[in-house]
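Here is the structure we will look at, set down as structure tokens.
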Protein chains: 2
Amino acid sequence: MAASESVRIAEAHMRFVEAWGRMGSVWGISRTMAEVHALLYITGRALCTDDVMELLEISRGNASMSLRALVDWGIVSRVHKRGDRKEYFVAEQDVWTIFRSIVRQRIKREVDPLLASLYEVRDDLAPASATRTDPDVKARVEAMIDFLELCAALGDRFAGPTGPGLQLAASLLARNHRVKRTD
Amino acid sequence: MAASESVRIAEAHMRFVEAWGRMGSVWGISRTMAEVHALLYITGRALCTDDVMELLEISRGNASMSLRALVDWGIVSRVHKRGDRKEYFVAEQDVWTIFRSIVRQRIKREVDPLLASLYEVRDDLAPASATRTDPDVKARVEAMIDFLELCAALGDRFAGPTGPGLQLAASLLARNHRVKRTD
DNA sequence: CATCAGTTTCAGAATGTTTTGAAATCTGCT
DNA sequence: AGCAGATTTCAAAACATTCTGAAACTGATG
């Protein structure tokens, strides 16, 4: 049997799902994954694999993969219903928490490896043919490293599990445009 | 004739280019585009299409497309050499300015259209069958809209042409972890 | 321990993106 | 205008990602 009793979705909900799906690329996830997340988010209900398959018209494999990936990203969790062997899934409801998880994941997956490569490049630039190397090149690599480290640090601060990122952001926005220089 | 006299590149430079290329997905551009940018950035020189083709071993069409796209993004500019009909390209050297351009482009291309869709969804949710609609659904759409608006505003503030984003970021990092709540 | 509902896996198919290369276009010079 | 070097375009090919569906697996139950 297919979906749990009455899983119907208003047309407007589906448009939300589609809009969110198109946004997938921004978050670095596939369209379907984003749609699955949107579906869980907008309904606010616990849905099972069959519900997702049916509503989004995707295959069982795809639904299973996407749900699992969302759980790995930490923005969807598994829940169980008493007396039901099926697994159900719910999306994190707090937008800021969703954002946190995504930012942290992406830094870990993408910025950190890049930084690792850049450290290697810097180390190769430094010791050996130090005299023959254009000092500007070193400076540029350094600048890039500094910038990415700043990004990672900011990400941690903003998106860290303890950080009240929202307030920080708000206060940042509220401040006046110019900030007194510290140098 | 191929590249301008002596365009040679140290092995370490190429590793920088590759590392940066892999990062392309984060910035939402293709690997090659990212590599072209990295090449221009790390050499700090003005290179012509042929230089890029040769160093990156890509086709003329691809080099042309990638360079043009980078110019569109505002992180590479065309320069001319007196007595030379060729066009040369240089990358913006300030990391923060590069970041600014990218953030602004991405907000314009990705967040703004999504927000537009969400406004439509909200408007569809409000007037007609207002009684039949789960109020929580409206709240969730609102929450998402608010969040994205905050993102766009933050992006503008941080990455705006006038904003001293770096100082803001630094001061943010320097602050103590907890910020007094404003409510 | 055989069965069954439910879940995951994975090779191949479908789809989407990027690259090529040659032809068309442009630009500035004589 | 006619030419020559430089650049852009674009259809087809190469490549990469995502999706499907059927088979394999899991683990609770009688």
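Chain letters run A, B, ... following the sequence lines, proteins first, then strands; residues in each count from 1.
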Quick one: B:Leu67 CG to D:dT9 P, roughly how many Å, whole number?
-> 13 Å

Shared hydrophobic cluster, A:Met53 / A:Met14 (ILVMFWY, side-chain heavy atoms < 4.5 Å) = no

Roughly how many Å is it from NZ in A:Lys81 to C1' in C:dG6, rounded to a whole number?
-> 15 Å

Roughly how many Å is it from NE2 in B:His80 to C1' in C:dG28, rounded to a whole number?
-> 12 Å

State, yes or no, whether a side-chain contact exists between A:Ser117 and B:Arg22 at a heavy-atom distance under 4.5 Å.
-> yes

Quickly work out the B:Arg68 CZ to D:dA6 C1' distance and round it to whole Å.
-> 15 Å

Between C:dT27 atom C1' and B:Asp84 atom CG, what is the distance in whole Å?
-> 14 Å

Is B:Ile75 reachable from B:Ile29 through a run of I, L, V, M, F, W or Y residues, each pair having side-chain heavy atoms under 4.5 Å apart?
-> yes

ILVMFWY network linking B:Phe99 to B:Ile107, side-chain heavy atoms under 4.5 angstrom = yes

Parallel, tilted or perpendicular: which fits the ring planes of A:Trp27 and A:Trp20, with parallel below 30° and perpendicular above 60°?
-> tilted

Considering non-hydrogen atoms only, spot the tightest contact between B:Glu110 and A:Met23 and give its length.
-> O-SD, 3.6 Å

Answer with yes or no whether the hydrophobic clustering places A:Val17 together with A:Ile98; edges join I, L, V, M, F, W, Y residues whose side-chain heavy atoms lie under 4.5 Å apart.
-> yes

Here the distance between atom P of D:dT8 and atom CE of B:Met53, to the nearest Å, is 13 Å

Taking all non-hydrogen atoms of both residues, which atom of B:Ala63 and which atom of B:Val52 are closest, and how far apart?
-> CB-CG1, 4.2 Å

Nearest-angstrom distance from the residue atom NZ of B:Lys86 to C1' of C:dC26 | 17 Å

Please tabulate the protein-to-nucleotide N/O contacts below 3.5 Å involving nucleotides 19-23 of chain C, giving atom names and distances.
residue, atom, partner, partner atom, Å
C:dT19, OP1, B:Thr32, OG1, 2.1
C:dT19, OP2, B:Thr32, OG1, 3.3
C:dT19, O5', B:Asn62, ND2, 3.4
C:dT20, OP2, B:Ser59, N, 2.8
C:dT20, OP2, B:Ser59, OG, 3.1
C:dT20, OP2, B:Asn62, ND2, 3.1

Any protein N or O atoms within reach of nucleotides 27-30 of chain D? Criterion: under 3.5 Å, listing atom names and distances.
residue, atom, partner, partner atom, Å
D:dG27, N2, A:Arg85, NH2, 3.0

Is it possible for you to say whether A:Leu40 and A:Met65 belong to one hydrophobic cluster, with membership spreading through side-chain heavy-atom contacts below 4.5 Å?
-> no

Whole-Å distance between C:dT18 P and B:Leu56 CG?
-> 16 Å

